[in-house]
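Predicted model, so just to flag it, every value in this text is computed and none were measured.
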Amino acid sequence: MAAAVLHDVGYAPHLVDTGFHPLDGARFLRAVGANERLCAIVAHHSGARVEAAIRGLSDELAELADERSPLRDALWYCDMTTGPDGQRLTFDERVAEIERRYEPGSVTRWFLAEGYDELEAAVQRTTRRLVAAGLAIADQPM
Ligand SMILES: [Fe+2]
């Protein structure tokens with residue numbers, strides 16, 4: 001829950017340092033004494049590793065470990081199935097929504113192309129877990 005609420009805190013203008021919001025957010029949380037796991041999940045949310053590589057920030061992001069767990073996947077799922085106003089979207093609708101907001105050739109569009117498979121895989125794993133737990137219907141679009 002904390003990661004879901006805080007994962008984009010690095011967009012806050014007064015927290016911008018590297019300009020890469022997962023890392024800036026995680027460093028802020030660390031500086032204020034947040035739990036290390038929370039900092040790491042925020043740092044690695046929604047394919048951050050791929051975008052960090054594009055931005056030349058892989059070493060900095062590696063300060064925090066990507067736990068690659070169901071919890072981490074669940075945050076990616078929430079991020080990638082929710083629109084900017086909190087509306088429920090399918091994964092493909094969310095990708096299209098992001099593409100509409102960023103210019104072709106932008107880092108974000110480059111990241112989406114490079115990270116698509118990893119993002120989709122996390123959403124699919126979480127969907128399967130939700131179905132197995134009786135919390136989602138198998139045939140619903142994810
Ligand atoms: Fe984000």
Side-chain angles (χ1 to χ4, degrees), residues 1-133 135-138 140-142:
M1 289 288 291
V5 171
L6 292 167
H7 72 281
D8 277 345
V9 71
Y11 277 126
H14 62 289
L15 300 182
V16 173
D17 178 25
T18 67
F20 181 44
H21 77 278
L23 182 60
D24 291 344
R27 285 178 167 173
F28 162 73
L29 292 170
R30 211 181 220 177
V32 297
N35 167 302
E36 185 69 12
R37 184 180 187 203
L38 172 61
C39 298
I41 289 174
V42 167
H44 286 277
H45 81 267
S46 306
R49 181 187 55 78
V50 172
E51 189 168 340
I54 293 169
R55 293 174 176 269
L57 291 168
S58 295
D59 290 346
E60 289 83 349
L61 191 66
E63 296 167 9
L64 297 127
D66 180 1
E67 67 177 48
R68 298 177 181 268
S69 69
L71 177 65
R72 169 268 222 185
D73 284 353
L75 176 61
W76 293 30
Y77 171 92
C78 292
D79 195 14
M80 294 308 300
T81 59
T82 306
D85 298 320
Q87 69 275 38
R88 183 93 165 98
L89 300 175
T90 66
F91 174 71
D92 286 336
E93 288 168 341
R94 175 67 163 143
V95 169
E97 179 278 317
I98 295 169
E99 286 175 341
R100 282 193 299 276
R101 285 189 289 125
Y102 292 90
E103 294 288 318
S106 66
V107 169
T108 299
R109 292 285 292 269
W110 184 5
F111 154 70
L112 262 185
E114 292 284 317
Y116 183 95
D117 290 348
E118 194 174 350
L119 290 165
E120 183 182 44
V123 170
Q124 288 175 338
R125 286 190 298 271
T126 302
T127 300
R128 284 195 297 272
R129 291 175 184 126
L130 290 169
V131 169
L135 298 170
I137 299 167
Q140 279 184 333
M142 51 173 202

In this structure, which one of Arg49, Arg37, Arg72 forms a salt bridge (charged side-chain N to carboxylate O under 4.0 Å, His left out) with Asp66?
-> Arg72
Within the distance-only criterion (no hydrogens, no angle test), does the side chain of Asn35 pair as donor or acceptor with the backbone N or O of Leu38 below 3.5 angstrom?
->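 Yes: the side chain of Asn35 pairs with the backbone of Leu38.
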Main-chain N/O of His44 paired with Trp76 side-chain donor or acceptor, under 3.5 Å | yes
Would you mind reporting whether [Y] and [X] have side-chain heavy atoms less than 4.5 Å apart?
{"X": "Leu119", "Y": "Phe111", "value": "yes"}
{"X": "Leu71", "Y": "Glu67", "value": "yes"}
{"X": "Thr127", "Y": "Val123", "value": "yes"}
{"X": "Tyr116", "Y": "Val95", "value": "yes"}
{"X": "Leu89", "Y": "Gln87", "value": "yes"}
{"X": "Thr82", "Y": "Arg88", "value": "no"}
{"X": "Pro70", "Y": "Arg125", "value": "no"}

Using 0.5 Å steps for rounding, measure from the [atom1] atom of [X] to the [atom2] atom of [Y].
{"X": "Tyr77", "Y": "Ser46", "atom1": "OH", "atom2": "OG", "answer": "13.0 Å"}
{"X": "Leu15", "Y": "Asp24", "atom1": "CG", "atom2": "CG", "answer": "7.5 Å"}
{"X": "Asp92", "Y": "Glu120", "atom1": "CG", "atom2": "CD", "answer": "7.0 Å"}
{"X": "Gln124", "Y": "Arg129", "atom1": "CD", "atom2": "CZ", "answer": "11.5 Å"}
{"X": "Tyr102", "Y": "Leu112", "atom1": "OH", "atom2": "CG", "answer": "9.0 Å"}
{"X": "Ile41", "Y": "Leu29", "atom1": "CD1", "atom2": "CG", "answer": "11.5 Å"}

Would His45 and His21 count as having a side-chain donor-acceptor pair, cut-off 3.5 Å?
->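 There is such a pair between these side chains.
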Atom of [X], atom of [Y] and distance for their closest heavy-atom approach:
{"X": "Ala65", "Y": "Ala40", "result": "O-CB, 3.3 Å"}
{"X": "Leu61", "Y": "Ala52", "result": "CD2-CB, 3.7 Å"}
{"X": "Asp73", "Y": "Ala122", "result": "OD1-CB, 3.7 Å"}
{"X": "Ala43", "Y": "Ala48", "result": "O-CB, 3.1 Å"}

Thr18/Glu60 under side-chain contact (heavy atoms from CB on, under 4.5 Å): CA gap, chis, key distance, verdict | CA-CA 10 Å; Thr18 67; Glu60 289 83 349; 5.6 Å; no
Taking NZ, NE, NH1 and NH2 as the nitrogens, is one of them in Arg94 or Asp79 under 4.0 Å from a carboxylate oxygen of the other?
-> yes
Salt-bridge test for Arg27 and Glu63: reply yes if a basic N is under 4.0 Å from a carboxylate O, no otherwise.
-> yes
Can Thr81 and Glu93 be said to form a side-chain contact (heavy atoms from CB on, under 4.5 Å), step by step?
-> CA-CA 8 Å; Thr81 59; Glu93 288 168 341; over 6 Å; no
Kindly indicate, with the supporting measurements, whether the criterion side-chain contact (heavy atoms from CB on, under 4.5 Å) is fulfilled by Val9 and His7.
-> CA-CA 6 Å; Val9 71; His7 72 281; over 6 Å; no
For Arg109 and Glu103, run salt bridge (Lys or Arg N to Asp or Glu O under 4.0 Å): C-alpha distance rounded to whole Å, both residues' side-chain angles, the deciding distance at 0.1 Å, then the answer.
-> CA-CA 7 Å; Arg109 292 285 292 269; Glu103 294 288 318; over 6 Å; no
